[in-house]
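Written below as structure tokens is the structure these notes are about.
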Amino acid sequence: PQDPIDGKAGLVLQPWSGDRGYLFVFRQAGGPTQRVAIQGVDPGRRYRLVSVRDGLVLGNFPGSVLRRGIDLVLPAPFSALVVSVTPLASQ
């Protein structure tokens with residue numbers, strides 16, 4: 001009965017290839033924090049998340065944490081964030 005695109009809820013798209021991919025995170029008029037659970041990651045590996053626009057490293061996370069979800073912040077309404085998700089070399 002309601003349009004799922006209400007102008008407030010965020011949207012996350014996740015193109016993926018093999019063991020890596022991207023997150024396209026879009027904020028509408030809702031709050032700045034979006035909880036994002038990443039699919040396709042190996043829970044036993046660590047991954048580096050990097051903002052594609054400015055090269056800022058957002059952090060290194062275990063796949064198990066990424067599967068449960070992390071909070072990404074987009075301070076400005078009607079903004080977007082593109083994040084690369086790349087596995088770290090095993091040590």
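Taking P15 as the reference, Y22, F24 meet the side-chain contact (heavy atoms from CB on, under 4.5 Å) condition, with sequence neighbours excluded. Residues passing the side chain to side chain donor-acceptor pair (under 3.5 Å) test with R67, sequence neighbours excluded: none.
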- Task: Begin with the C-alpha distance, continue with both residues' side-chain angles, and end with the deciding distance and a verdict on side-chain contact (heavy atoms from CB on, under 4.5 Å) for F61 and V85.
- Result: CA-CA 10 Å; F61 301 91; V85 181; over 6 Å; no
- Task: May I have the step-by-step check of side-chain contact (heavy atoms from CB on, under 4.5 Å) for I70 and V65, ending in yes or no?
- Result: CA-CA 7 Å; I70 60 169; V65 169; 3.9 Å; yes
- Message: Does V36 form a side-chain contact (heavy atoms from CB on, under 4.5 Å) with Q14? I'd like the steps, not just the answer.
- Response: CA-CA 10 Å; V36 177; Q14 183 187 326; over 6 Å; no
- Please test V25 against L11 for side-chain contact (heavy atoms from CB on, under 4.5 Å), starting from the C-alpha separation and ending with a verdict. CA-CA 6 Å; V25 185; L11 171 69; over 6 Å; no
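Here the straight-line distance linking atom OG1 of T86 with atom CG of D19 works out to 8.5 Å at 0.5 Å rounding. The distance from the CZ atom of R35 to the CZ atom of R68 is 8.5 Å, given to the nearest 0.5 Å. One distance of note links CD of Q34 with CG of L74; it measures 6.0 Å at 0.5 Å rounding. Rounded to the nearest 0.5 Å, atoms CD (Q28) and OG (S79) are 10.5 Å apart. Going from atom CZ of F26 over to atom CG of L81 covers 9.5 Å, rounded to the nearest 0.5 Å.
Residues V82 and W16 do not share a hydrophobic cluster, defined by chaining ILVMFWY side chains whose heavy atoms lie under 4.5 Å apart. Cluster membership for L56 and L66, using ILVMFWY side-chain heavy atoms within less than 4.5 angstrom, is shared.
Residue P75 comes nearest to P32 through the heavy atom pair CA-CB, 4.3 Å, listed as atom of the first residue, atom of the second, then distance.
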Anything under 3.5 Å between a donor and an acceptor, one on a side chain of residues 46-53, the other on a protein residue two or more places apart or in another chain? List them.
residue : atom : partner : partner atom : Å
R46     : NH2  : N60     : O            : 3.1
Y47     : OH   : D42     : N            : 2.8
R48     : NE   : N60     : OD1          : 2.9
S51     : OG   : D54     : OD1          : 3.0

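Side-chain contact between P77 and R27: present, with at least one pair of heavy atoms (C-beta onward) separated by less than 4.5 Å.
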